[in-house]
Asks: 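Got a structure for you, written out below as C-alpha cells; questions coming shortly.
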Amino acid sequence: MKKLINAPEDVVAESMAGFAAAHADLVRVVPEPLYVVRRDAPVAGKVGLVSGGGSGHEPLHAGYVGFGMLDAAVPGAVFTSPTPDRILAATQAVDGGAGVLHIVKNYTGDVLNFETAADLAAANGIEVRSVVTDDDVAVKDSLYTAGRRGTGGTVLVERIAGAAAERGDDLAQVAAIAEGVNADARSMGVALTPCIVPHSGEPSFTLAEDEMEFGIGIHGEPGRETLPLEPADRVVDRLLDAILPDLPYERGDRVLLMANGMGGTPLSELYIVYRRAAERLAEEGIEVARSLVGDQITALEMQGCALTLLRLDDERIELWDAPVQTASLRWGR
Amino acid sequence: MKKLINAPEDVVAESMAGFAAAHADLVRVVPEPLYVVRRDAPVAGKVGLVSGGGSGHEPLHAGYVGFGMLDAAVPGAVFTSPTPDRILAATQAVDGGAGVLHIVKNYTGDVLNFETAADLAAANGIEVRSVVTDDDVAVKDSLYTAGRRGTGGTVLVERIAGAAAERGDDLAQVAAIAEGVNADARSMGVALTPCIVPHSGEPSFTLAEDEMEFGIGIHGEPGRETLPLEPADRVVDRLLDAILPDLPYERGDRVLLMANGMGGTPLSELYIVYRRAAERLAEEGIEVARSLVGDQITALEMQGCALTLLRLDDERIELWDAPVQTASLRWGR
Amino acid sequence: MDVDSNWATDWVRRSADAVAAHRADLTALDRAIGDGDHGENLHRGYQAALAALDGLPDDSTPADALMLVATTLISNVGGAAGPLYGTAFLKASGAAQGLDELGPADVVAILTAARDGIVLRGKAQHGEKTMVDAWTPAVDAAAAAAESGSDVRDVLEAAASAAEQGAADTEPLVARKGRASYLGERSAGHRDPGAESSALVLRAAAEAAADAAERRDT
Amino acid sequence: MDVDSNWATDWVRRSADAVAAHRADLTALDRAIGDGDHGENLHRGYQAALAALDGLPDDSTPADALMLVATTLISNVGGAAGPLYGTAFLKASGAAQGLDELGPADVVAILTAARDGIVLRGKAQHGEKTMVDAWTPAVDAAAAAAESGSDVRDVLEAAASAAEQGAADTEPLVARKGRASYLGERSAGHRDPGAESSALVLRAAAEAAADAAERRDT
Ligand SMILES: Nc1ncnc2c1ncn2[C@@H]1O[C@H](COP(=O)(O)OP(=O)(O)O)[C@@H](O)[C@H]1O
Ligand SMILES: Nc1ncnc2c1ncn2[C@@H]1O[C@H](COP(=O)(O)OP(=O)(O)O)[C@@H](O)[C@H]1O
Ligand SMILES: [Mg+2]
Ligand SMILES: [Mg+2]
Ligand SMILES: [Mg+2]
Ligand SMILES: [Mg+2]
C-alpha cells in the first residue's frame with residue numbers, strides 16, 4: 001500500500017484540516033463532530049443543503065460546499081457513512097429558517113444514518129426533506145438488491161438544487177428539483193485497477209493485466225462482471241449501451257454529459273473517453289448541451305471512469321449555469 | 001499497461017479532440033499542425049501567450065488556455081516537446097499585433113524547438129520573447145546538468161503573466177513579470193509509483209513497495225534518489241527542506257503554496273500534504289497568502305506530489321486574483 | 001442463576017475484545033462482497049463503547065449499560081452496521097427497562113427486541129444474507145431453550161451456537177440487502193461479515209454469562 | 001568510387017529500417033536515464049522522411065535529399081533529438097551544396113558539418129554523454145581514413161565503427177547534458193540513447209555506400 005498519509009486512522013481528519021486551511025475563504029471545518037460548512041452559514045431564509053457519506057470520493061462532498069451548491073458536507077470514515085450526530089450538527093449549522101434538504105446517496109449505511117439524523121433534526125424543530133440519489137444503472141433489479149447506488153448523478157443534484165436554493169426556492173421546490181434531476185440522471189462505471197482502503201491495506205479486488213471490472217460502484221466493490229480490457233471507444237460504447245436505453249435518452253434530447261475519473265486515471269484519458277461519448281451521442285441524435293470532465297466522485301486511487309447523463313431542460317440549464325463558488329466547481333464569481 | 005486509450009499513436013489527437021468538444025465555449029483546437037487557441041484569438045492589441053511541451057502533463061497546458069491565462073497551447077507527443085512548425089502556427093494564430101511571449105519549460109527539447117519556432121516567427125515579422133521556467137530544486141548544480149527543470153512554477157507563470165497581458169501590459173512588461181515569477185518560484189516532487197508511456201508500455205522506473213523516488217521531474221524520469229517511503233508529514237518536510245533554503249523563503253515572506261498531484265494520487269492525500277506544508281510554513285513564520293491544491297502538472301498516472309512555493313507581493317496577488325476562465329482554472333467570470 | 005448489570009458490562013468488554021481479535025477477518029469478509037470496512041467500523045465503535053463504560057455510574061441497570069452501547073455505537077460506527085447495531089441495543093435496552101436482574105425470559109426478550117430493531121431499520125428478511133441471518137436463529141434457539149427450562153447461561157449458549165451456525169449458513173446465499181446485493185450471484189460463496197460479527201457478539205454474551213455463573217458458583 | 005544522390009536516399013531508407021528495428025531498444029535505453037521516448041520519436045521522424053522521399057524529384061542532388069531529411073525530422077521528431085538531428089542534416093545539406101558526386105573529402109565535410117550543427121544547437125562537448133560522443137569519434141575516424149587515402153566506402157565504414165565504439169564508451173560516463181543529466185551519478189552505467197541511434201544512422205550510411213560500391217563493381 002503506497003499512500004501519502006500518516007496513520008490510517010487520521011486520514012479523514014488530516015485531509016479535512018488541509019482542506020480547511022486551503023479554502024478558508026470558502027468554508028469552515030468543524031472538527032468535532034466533523035463537518036464542513038460554507039463560511040457564511042447559516043444563510044438566513046435560504047434552504048440549506050447537506051450531503052455527506054464515506055470519505056474517499058473527493059472532491060465529493062466537501063469540494064462542493066459553497067455559494068450555489070452545498071451548505072454543508074459530512075464526511076465519514078473512508079467508505080463508511082458518517083454517523084447521525086455529525087449529520088445533525090451540520091443540519092443545525094446550516095438551518096437558516098427555511099428548512100434543510102439532505103442529499104443522500106442510496107447505500108444502506110447512508111440512508112440509515114441520514115434517516116436517524118433527520119428524525120433528530122425534526123425533534124429539534126428543523127424541517128428536513130431528503131432526496132436519495134440512485135442513478136447507477138449497473139445495479140440491475142432493485143427488487144432483489146438494496147436498490148441502485150447513488151453515484152455521479154449526485155454531483156448534478158447538488159449543483160442544480162444548490163442553484164435553486166440560492167435563487168430563493170423554498171424547501172418543497174428545491175426538493176422537487178433535486179428529485180427531478182435524480183430521476184433523469186443515469187450513470188455507469190468501469191475500473192481498470194482496484195483501490196486500497198488505508199486501514200485495510202489490501203486491494204479491494206484483483207484484476208489481471210488484461211481485465212477490467214465493469215459496472216463498479218464508488219467503494220471499490222467488485223462490479224457487475226469482469227471483462228477483457230478493450231480499447232477506450234469500445235468501453236465507452238458498453239457504458240452507453242447500458243445507460244441510454246435505461247431512461248431512455250432519445251433522439252432530440254438535450255443532455256449534460258459527465259466523464260468522471262475514478263481518481264487514478266489521467267485527465268487525458270478522460271478526454272479520450274469524453275470524445276467517443278460525445279461522438280456516440282451525436283450518432284444517436286442526442287445533443288450534448290453541457291459537459292463536465294474530470295475527477296468528481298472517485299474511489300481513492302482507482303483507475304477507471306464513469307459516465308453520467310442528465311436530461312436537460314431550459315430551467316436545469318439556467319440553474320447549471322448560475323454562479324457557483326466551491327473548491328472544485330466554480331464559475332460566474 | 002492499463003489505460004483508457006485506443007491506439008497509443010492516437011492518444012494526443014483523440015484527447016485533444018475530446019478537449020475541443022468539451023470546451024468549445026473556451027477554445028478551438030486546430031488539428032494540423034496541432035495546437036489549441038482560445039476561442040477569440042487573436043485578441044487585438046493584447047500580448048499573446050503561448051506555451052507547450054510534451055503531452056502527459058494534463059491539465060497543463062491546454063487546460064490553461066482562455067481568458068486571463070494562455071492564448072495557445074502546443075501539445076507534443078507524450079513526454080516529447082512539440083515541433084517548431086506547430087509552435088510557429090500557434091504563435092501566428094495568437095499574434096494580435098502586440099507580440100507573443102513563449103513560456104518554455106527548461107528541457108533541452110522544449111528549449112530547442114521553441115527557439116527554432118521563435119526564429120521562424122521573427123522571420124515572419126512577429127516579435128517574440130521567451131521565458132524559460134526552471135523552478136525545480138531537485139536538479140542540483142546547473143553547471144553539470146542541462147539546468148533546472150521547469151515544473152509547477154510554470155502554471156503560476158502562465159496565470160500571473162496571463163493576467164498581466166489581459167490588463168494590457170506590453171510585451172516587455174509581461175515578460176518581466178513572467179521572469180520575476182519564475183525567479184521567485186521553487187518546486188520539488190516525489191513519486192510513489194512510476195508511470196507508463198503509452199507507446200512504450202513499460203514503467204518508467206521500478207520501486208519496491210516500501211520505496212519512494214525523491215526529486216522526480218514530470219516525465220517519469222527517475223529522481224534524485226530512491227528513499228524508504230515515509231509518513232506524509234515527513235515527506236513534506238523533506239520537500240520543504242529542499243525548497244525553503246533555496247531561494248531562500250524567509251520569515252515574513254508571503255507565499256503562494258501549491259500542492260500538486262502527479263496524476264494518480266487521490267485529492268484527499270494532497271490535502272494531507274497541504275496540511276503539513278501549511279503548518280510547517282506557519283512554524284517558519286512564512287504567511288500562506290494564496291494556495292492551489294490539485295492536479296495541475298502531472299506525469300500521466302504517476303502517484304506522488306510536488307510542492308511549489310512562490311513569493312508574493314501585492315501586484316502578484318492582484319494578478320493572481322484577477323478573473324481567469326480556462327478549463328482547469330477559473331474564477332471571477 | 002440470573003444476570004445483572006455486571007453481565008451487561010462484561011458483555012460489552014468481551015464483545016470489544018472479540019471484535020478487536022477478529023477485526024482483520026471481518027474486514028476481509030467485507031472486502032470480498034462489500035467495501036472492506038466492517039471490522040474497522042465495529043472496532044472503532046466498540047473501542048468507544050469501552051471508553052464510555054468508564055463513565056457509567058456504579059448503580060446502573062442493565063438497561064443503562066445497553067443504552068450506553070447503543071448511543072456509542074450509533075455515533076461511532078457509521079456505515080450500515082452502525083445504525084443496525086445501534087438500534088439493536090436501543091431496543092434491547094428498552095426490553096430491559098426497570099430490571100436489575102435478568103432471567104431466561106428477560107434475556108429472550110432482550111435478544112428478540114434487538115433482532116426486531118435490526119429488522120425494523122434494515123427491512124431484511126431471514127435468508128437475505130445479512131446479520132439478521134445470525135440473529136433470528138439465535139432468538140429462536142434462545143426462546144426454545146428458555147421454554148425447555150434452561151437457565152440464562154444455557155439460553156445464551158444456545159443463542160451463540162445458533163448464531164454461529166446462522167453465520168456459516170450465509171455462505172451459499174445470494175445477498176439481497178446491503179452492499180453485497182450489488183454483486184448478485186457473485187455474492188454466493190462468501191460469508192456475510194455482519195452475520196459473522198453478530199455471532200461474535202452473541203458468543204461474547206454467552207461467555208459473560210458463563211463467567212458470571214462460575215464466579216457465583218465459587 | 002564516389003557516391004551520389006542514390007546513396008543519400010538509400011542512407012535515409014536504411015536509417016529508417018535500422019531505427020524501426022531498434023525502436024524498442026532505443027526507447028528502453030531512454031527509459032533508463034531519460035523519459036522513454038527516443039526510439040518512438042526517431043521512428044516517427046524517419047517514417048515521415050521515408051514518405052517524403054517519394055516526393056523527391058528524380059534530378060535531386062544529395063543536398064536536396066539531406067535537406068528533405070532535415071526539415072522532415074525537425075517537424076516530426078520533437079524532443080531534444082528532433083532539433084539536433086534536424087540541424088545535423090541541415091548543416092550536412094549545406095556542406096553538400098552544389099555537388100552531384102561526393103568523394104571522401106566531401107563525406108568528411110558532410111559529417112563534420114553535421115556534428116558541428118549538433119554542437120551548435122546543443123552546446124554539448126565530447127564526453128558529456130550525448131550523441132556528440134558518437135559523432136565526434138566518427139568525424140575523427142572519417143577524417144583520418146580520408147587522409148590516408150581511403151575511398152568513400154571505407155571512410156564511412158571507419159566512421160560507423162568509431163560511432164559504435166563511441167556509443168559504447170558512453171556507458172560509464174556521467175551525463176551533463178539533456179535529460180539524463182538530472183540523474184547525476186545515477187546516469188553512469190547506461191548507454192546514451194542518442195549516441196546509440198547516431199551509431200545506427202552512421203552504420204546505415206556505411207552500408208548504403210558499401211551497397212553502392214558493390215552495385216557499381218558488378
Ligand atoms: N438492510 C440490512 N439489514 C440487515 N443487515 C444489513 C443490511 N444491510 C447491511 N447489513 C449488514 O451490514 C453489514 C455491513 O456492515 P458495514 O460493512 O459496517 O457497513 P457498509 O456496508 O455500509 O460498509 C453486512 O454484512 C450485513 O450483515
Ligand atoms: N544538449 C545536447 N547535445 C547533444 N545531444 C543531446 C543534448 N541533449 C540531449 N541530447 C541527446 O538527445 C537524446 C535524447 O533524445 P530524445 O529522447 O528523443 O529527446 P528527449 O530527451 O527530449 O526525450 C539523448 O540521448 C542525447 O543523446
Ligand atoms: Mg462502508
Ligand atoms: Mg521526451
Ligand atoms: Mg462495509
Ligand atoms: Mg527521451
Asks: List the steps and the verdict of side-chain contact (heavy atoms from CB on, under 4.5 Å) for D/V77 and B/T83.
Replies: CA-CA 7 Å; D/V77 176; B/T83 51; 5.8 Å; no
Asks: I'd like to know if B/E115 and D/R121 make a salt bridge, using a cut-off of under 4.0 Å between side-chain N and carboxylate O.
Replies: yes
Asks: Please classify the contact of D/V174 with chain B as side chain, backbone, both or neither, using a heavy-atom distance under 4.5 Å.
Replies: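 For D/V174, neither part sits under 4.5 Å from chain B.
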Asks: Tell me, side chain or backbone of D/A175 under 4.5 Å from chain B's heavy atoms, or both, or neither?
Replies: backbone
Asks: Rounded to the nearest 0.5 Å, what separation is found between the OG1 atom of D/T87 and the CG atom of B/L112?
Replies: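 If I round to the nearest 0.5 Å, the distance is 7.5 Å.
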Asks: Tell me, out of B/A77, B/A299, B/G223, who's got the most heavy-atom pairs with chain D below 4.5 Å.
Replies: B/G223
Asks: For D/S181 and B/A146, work out which heavy atoms get closest and say how close.
Replies: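 Nearest pair, atom of D/S181 first, then B/A146: OG-N, 2.9 Å.
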Asks: Please set out all donor-acceptor pairs under 3.5 angstrom arising from side-chain atoms of residues 188-196 of chain B, sequence neighbours excluded.
Replies:
residue	atom	partner	partner atom	Å
B/T193	OG1	B/Q303	N	2.9

Asks: Please determine whether the number of non-hydrogen atoms from other residues, nucleotides or ligands lying under 6.0 Å from atom NZ of D/K91 exceeds 12.
Replies: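 Counting other residues, nucleotides and ligands, NZ of D/K91 stays at 12 neighbours or fewer.
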Asks: Rounded to the nearest 0.5 Å, what's the gap from CG on D/L183 to OG1 on B/T145? Could you check?
Replies: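 Answer for the CG-OG1 pair, D/L183 versus B/T145, is 11.0 Å.
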Asks: Would you name the heavy atoms of B/V197 and D/D35 that are closest together and state the gap between them?
Replies: CG2-O, 3.9 Å
Asks: Just give me the residue among D/T27, D/D30, D/D37 that pairs up with chain B most often, heavy atom to heavy atom, under 4.5 Å.
Replies: D/D37
Asks: So which part of D/R23 gets closer than 4.5 Å to some heavy atom of chain B, the side chain, the backbone, both or neither?
Replies: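 It is neither, since no heavy atom gets under 4.5 Å.
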Asks: Are B/R149 and D/Y182 in a cation-pi contact, defined as NZ or CZ under 6.0 Å from the six-membered ring centre and within 45° of the axis?
Replies: yes
Asks: Heavy-atom pairs under 4.5 Å with chain D are the metric here; pick the option from B/H199, B/E221, B/E202 that has the most.
Replies: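 Sorted descending by pairs with chain D, the first entry is B/H199.
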Asks: Non-hydrogen atoms of chain D under 4.5 Å away: do they reach the side chain of B/F205, the backbone, both or neither?
Replies: neither
Asks: So which of B/R86, B/E225, B/E9 has the biggest tally of heavy-atom pairs under 4.5 Å with chain D?
Replies: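 Looking at each option in turn, the highest pair count goes to B/E225.
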Asks: Given a strict heavy-atom distance threshold of 4.5 Å, which part of B/T226 is in contact with chain D: side chain, backbone, both, or neither?
Replies: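 For B/T226, the contact with chain D is made by backbone and side chain together.
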Asks: In this structure, are over 12 heavy atoms from other groups packed under 6.0 Å from D/D58 atom CG?
Replies: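 No, CG of D/D58 has 12 or fewer neighbouring heavy atoms, counting only those of other groups under 6.0 Å.
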Asks: Between B/G220, B/P33, B/P84, which has the largest tally of heavy atom pairs under 4.5 Å with chain D?
Replies: B/P84
Asks: What part of B/V78 gets closer than 4.5 Å to chain D, counting heavy atoms only: side chain, backbone, both or neither?
Replies: backbone
Asks: Heavy-atom pairs under 4.5 Å with chain B - which of D/R179, D/K177, D/E185 has more of them than the others?
Replies: D/R179
Asks: Measuring heavy-atom distances to chain D, does B/P203 have an atom under 4.5 Å in its side chain, in its backbone, in both, or in neither?
Replies: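 It is the backbone, since no side chain atom gets that close.
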Asks: Checking D/A32 against chain B: side chain, backbone, both or neither under 4.5 Å from a heavy atom?
Replies: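 Looking at D/A32, just its backbone touches chain B.
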Asks: Hey, are B/S200 and D/R31 close enough side-chain-wise for a donor-acceptor pair under 3.5 Å?
Replies: yes
Asks: Looking only at heavy atoms and a cut-off of under 4.5 Å, which of B/T108, B/N113, B/D136 has the most pairs with chain D?
Replies: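 Top option by heavy-atom pairs under 4.5 Å: B/N113.
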Asks: Answer yes or no: is there a donor N or O on one side and an acceptor on the other, between the side chain of B/T80 and the main chain of D/G79, under 3.5 Å?
Replies: no
